[in-house]
Amino acid sequence: MQRKINFNAGPATLPMEVLQEAAAAVTEYNGTGMSILELPHRGKEFVAIVEESKAIVKDLCELGDDYEVLWLHGGGRQQFFMLPMNFLDKEHDDAAGYIDSGHWSEEALEYATHYGDVQVLTSSKESNYSVLPAWPHTVPAQLKYVHFTSNNTIYGTQFRNIPKCNVPLVADMSSDIFCGRMNYTNCAIFYAAVQKNLGTPGVALVAIRKDMLAMCNKELPPMLSYAAQARENSILNTANVFGIYTSLLMLRWTQKKGIDAIEKENKEKANLLYDTIDKSKVFTGVVKKKADRSMMNVCFTADSEEREKDFLKLCADNNIIGVKGHRSVGGFRVSLYNAMGLDDVTVLCDLMKTFEKI
Ligand SMILES: *Cc1c(COP(=O)(O)O)cnc(C)c1O
């Protein structure tokens, strides 16, 4: 097999050692005489997978015992409605604040309007999300929570610091969790669809401060209640055994490499690509403000549609896929998640330099 250099935004490239270990477990899991695909979800082997994965998440995020870690179904979007369902009640005129920094935060706030009053605290929609909105100076104290998207996958902007907030802060960290050191404990809740930095689609990682569990809506079906999921250790129904196992393999890989080494490499990859773009006469970065630029997703355009097509073809001819930008932005988007190697980013940058000379 010739493996593609895969810059897709998600599902994203995974480390070969994780793929090989997952593949081996499909034949036999850990001397059990069974495939991971056949493993009982309430058996001791799977409970051990859940426990180890929770411990690594807590270690990587420096969380204390005041946090619970959950593995839930439904990827990122299920959190868009599970969150307001748990904490907002229309009959009590409950309100939540949303920071609108791109498509995903917009979709999250739209979902929330079904369950309560939504206040958009700040937005950069008018500039087509090519900058981060200013963080709100004041947050009304009656808000049940404030939601923001730490990395804007489609537009290539990223809040690199998680600020403190006077109401419970909730972060969608789907596309930048574990990209480097962050103040995770400034969040009451953070969640991530795992198919970018942490595994295969369909699963969501949720970390929730335990005081929030007491505030969850008690009328919900248990599947949609954070409190009920926490009580059942995320094994309320048949859990996504293989998906969670793949996330455990990614967590072990992340822990072995170390967050600081990962951050250093992510900065090197991003600097190399942004530098190539900034020095280019053909390519132009979409996000002009350097402080707003994402380490994970880099968006840029070429000087004509013709040239964009030509460059896409050159990439395809060189075994590179996943560089086409989202249709709402156009141009190119290159995703530099944790599992993407510096050598592969170098191949792309060299190709960009060659293309300029054609
Ligand atoms: C990918 C992504 C999602 C969507 O995840 P799904 O699992 O497809 O629902 C949500 N938020 C952000 C920031 C993302 O990058």
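Just so you know, ligand 1 is whichever comes first in the structure, and atom 1 is the first atom listed for that ligand.
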Cluster check [X], [Y]: I/L/V/M/F/W/Y, side chain < 4.5 angstrom:
X    : Y    : result
L60  : I244 : yes
V194 : W253 : yes
L272 : F355 : yes

What I want to know is whether [X] and ligand 1 share at least one N or O pair that is separated by under 3.5 angstrom.
X    : answer
R77  : yes
G76  : yes
N151 : no

Atom indices of ligand 1 within 4.0 angstrom of [X] heavy atoms, with elements:
X    : answer
S175 : 15 (O)
Q195 : 5 (O), 6 (P), 7 (O), 8 (O)
S174 : 2 (C), 10 (C), 11 (N), 12 (C), 13 (C), 14 (C), 15 (O)
G75  : 7 (O)
T153 : 13 (C), 14 (C), 15 (O)
A193 : 5 (O), 7 (O)
T149 : 13 (C)

How far is atom 2 (C) of ligand 1 from its nearest protein heavy atom, and which residue and atom is that? K196 NZ, 2.5 Å
Atom 11 (N) of ligand 1 - nearest protein heavy atom and its distance: D172 OD2, 2.7 Å
Is the number of heavy atoms from other residues, nucleotides or ligands under 6.0 Å of K54 NZ greater than 12? yes
Residue E110 excluded, over 12 heavy atoms near CD under 6.0 Å: yes
Test item: Q119 side-chain N/O and Y98 main-chain N/O as donor-acceptor pair under 3.5 Å: no
Under the side chain to side chain contact (heavy atoms under 4.5 Å, CB included) rule, collect the residues that match up with E52, sequence neighbours excluded. I56, L248, R252
In Å, rounded to the nearest 0.5 Å, how long is the span from NE2 of H103 to CD1 of I154? 4.5 Å
Side chains of L348 and M352 in contact at under 4.5 Å (non-hydrogen atoms): yes
Do any heavy atoms of Q79 fall under 4.0 Å from ligand 1? no
Would Q78 count as a contact of ligand 1 if the rule is a heavy atom under 4.0 Å away? no
For ligand 1, is any non-hydrogen atom under 4.0 Å from F80's backbone (N, CA, C, O), its side chain (CB onward), both, or neither? side chain
Scan R160, K257, R181 and name whichever one has a salt bridge (Lys or Arg N to Asp or Glu O under 4.0 Å) with E263. R160
